[in-house]
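Here is the structure we will look at.
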2 protein chains.
Amino acid sequence: MMMSTSLYQDPHCVVDFALAKLWVDRRAITLTRKEYELLSTLTANAGEIVPRGVLLRNVWGYGPDIRTRTLDVHIRRLRRKLGDYGEQYIETIFGVGYRFQPWREPKAFTVEPPMLRATA
Amino acid sequence: MMMSTSLYQDPHCVVDFALAKLWVDRRAITLTRKEYELLSTLTANAGEIVPRGVLLRNVWGYGPDIRTRTLDVHIRRLRRKLGDYGEQYIETIFGVGYRFQPWREPKAFTVEPPMLRATA
DNA sequence: GGAAGTTGTGAAAGATTTGTAAAAAGCGGG
DNA sequence: CCCGCTTTTTACAAATCTTTCACAACTTCC
């Protein structure tokens with residue numbers, strides 16, 4: 001039985017919620033369970049801030065009174081697995097939480113410098 | 001369109017659900033009943049993760065509260081019978097279950113080294 | 001600039017899951 | 001019953017994942 005797969009998708013990154021898989025630039029990346037749940041929560045709210053408390057509750061089942069750094073560590077490992085885009089994809093909102101930013105083409109500064117006219 | 005005998009098939013491995021038989025590289029392999037049921041369940045969902053719980057329920061009829069290592073032992077024997085491909089075919093998804101991966105040609109890295117150009 | 005609080009990070013410790021060999025337990029036909 | 005084969009359990013070893021720790025780096029606010 002084939003149902004259309006639910007996934008997050010942009011030019012560089014695909015997350016398949018059904019297969020629990022991640023691809024970055026066509027390359028398959030293995031995620032651990034916690035990494036996957038964390039990324040799922042973030043991409044499910046792509047573009048929106050997800051507060052630390054919400055992540056700790058949804059992914060870890062922690063209450064509001066638990067102090068841990070495990071979220072930070074997992075964020076770090078996710079960023080790593082997202083390769084060069086890690087920093088761009090997962091944004092830190094200081095004092096609040098994190099936000100997964102859908103891919104946006106970088107300004108083309110280095111690619112196509114503004115009018116290098118032959119000349120002088 | 002007619003639906004011929006139901007079987008799983010790839011360049012190295014054929015599983016015939018009707019005959020309850022397995023061939024690896026043209027060689028017939030005898031499977032015990034449990035081995036066969038396990039392999040059937042896995043190949044029937046080739047490419048997809050099958051959670052431990054599902055296997056324990058489908059193949060053994062166990063409920064979610066039963067702790068046993070018999071699944072692991074059977075996986076091991078299946079891998080053995082699949083010969084050199086055992087590890088490649090049956091993938092462990094840590095903390096989740098197993099996945100039967102259809103055959104894929106290995107990357108040809110060693111076969112055709114990237115351009116050794118004569119020169120300098 | 002300095003204090004207080006927050007996040008980043010590598011490494012270590014802890015916890016859980018899976019692999020495996022070998023022994024024990026089941027099972028069906030003689 | 002007894003035998004041969006299959007299946008399950010047992011008991012560790014090994015692999016993998018998760019969390020903590022200690023400290024560096026960074027933010028914010030005064």
Side-chain angles (χ1 to χ4, degrees), chain A residues 20-22 29-42 49-101, chain B residues 20-22 29-42 49-101:
Chain A
K21 271 196 159 186
L22 163 69
I29 306 284
T30 301
L31 296 179
T32 70
R33 214 224 302 293
K34 279 280 193 291
E35 286 167 357
Y36 174 73
E37 285 172 13
L38 179 53
L39 182 59
S40 295
T41 306
L42 289 174
I49 298 173
V50 184
R52 287 180 77 91
V54 171
L55 293 170
L56 285 171
R57 186 163 50 66
N58 284 4
V59 178
W60 279 271
Y62 287 176
D65 48 322
I66 290 185
R67 176 157 73 266
T68 178
R69 319 292 332 301
T70 197
L71 169 56
D72 308 75
V73 173
H74 276 86
I75 288 286
R76 183 176 168 281
R77 285 202 280 253
L78 267 186
R79 280 176 171 155
R80 246 197 202 169
K81 290 191 173 179
L82 286 169
D84 298 335
Y85 317 119
E87 291 292 320
Q88 172 164 173
Y89 271 128
I90 301 180
E91 190 180 344
T92 302
I93 312 298
F94 191 93
V96 185
Y98 294 94
R99 169 165 52 191
F100 184 93
Q101 285 288 25
Chain B
K21 275 197 158 185
L22 164 69
I29 307 284
T30 302
L31 296 179
T32 70
R33 179 192 243 33
K34 279 281 193 290
E35 286 166 357
Y36 174 72
E37 285 173 12
L38 179 51
L39 183 59
S40 296
T41 306
L42 289 174
I49 297 172
V50 185
R52 288 180 77 89
V54 172
L55 293 170
L56 286 171
R57 185 163 50 67
N58 285 4
V59 178
W60 280 271
Y62 287 174
D65 48 322
I66 290 185
R67 175 157 73 267
T68 178
R69 321 285 300 69
T70 197
L71 168 55
D72 308 74
V73 174
H74 276 86
I75 288 286
R76 181 172 171 283
R77 286 201 281 255
L78 267 185
R79 279 177 171 155
R80 250 196 200 168
K81 291 193 172 177
L82 286 170
D84 297 336
Y85 315 120
E87 290 291 322
Q88 172 164 173
Y89 272 128
I90 301 182
E91 189 182 346
T92 302
I93 311 299
F94 192 97
V96 184
Y98 295 93
R99 169 166 49 192
F100 186 93
Q101 284 288 26

Ignoring hydrogens and angles, tell me if any N or O in the side chain of B:Glu35 forms a donor-acceptor pair with the backbone of B:Thr32 under 3.5 Å. yes

For B:Lys21, I'd like to know if atom NZ has over 12 heavy atoms of other residues, nucleotides or ligands within 6.0 Å. no

Residues which pass salt bridge (Lys or Arg N to Asp or Glu O under 4.0 Å) with A:Arg69, listed by chain and number, not counting sequence neighbours: A:Asp72

Let me know, please, whether A:Arg80 or A:Gly97 comes out on the 5' side of the other along DNA chain C by nearest nucleotide. A:Gly97

When rounded to whole Å, the CZ to P distance for the pair A:Arg52 and C:dG5 reads 16 Å

With sugar-phosphate meaning primed atoms plus P, OP1 and OP2, does A:Tyr36 contact a base, only sugar-phosphate, or nothing at under 4.0 Å between heavy atoms? nothing

Just jot down the ring-ring contact (aromatic ring centres under 6.0 Å, His included) partners of B:Tyr98, sequence neighbours excluded, or say none. none

Round to the nearest Å and state the distance from B:Glu91 atom CD to C:dT18 atom C1'. 14 Å

For the residue pair A:Trp60 and A:Tyr62, categorise the inter-ring angle as parallel (less than 30°), tilted (30 to 60°) or perpendicular (more than 60°). tilted

For A:Glu87 and C:dT9, what is the distance between atoms CD and P respectively, to the nearest whole Å? 6 Å

Measure from CD1 on B:Ile49 to P on C:dT17 and round the result to the nearest Å. 16 Å

What is the separation between atom CD1 on B:Ile75 and atom P on C:dT17, rounded to the nearest whole Å? 17 Å

For B:Asp72 and C:dA21, give me the distance from atom CG to atom P, rounded to whole Å. 13 Å

Tell me, do A:Arg79 and A:Ile75 make a side-chain contact under 4.5 Å, heavy atoms counted? yes

The contact string for nucleotides 13-20 of chain D, one letter per nucleotide 5' to 3', using protein heavy atoms under 4.0 Å with B, S and - for base, sugar-phosphate only and none, comes out as ---BSBBB

In whole angstrom, give the distance that lies between atom CZ of B:Arg76 and atom P of D:dT6. 15 Å

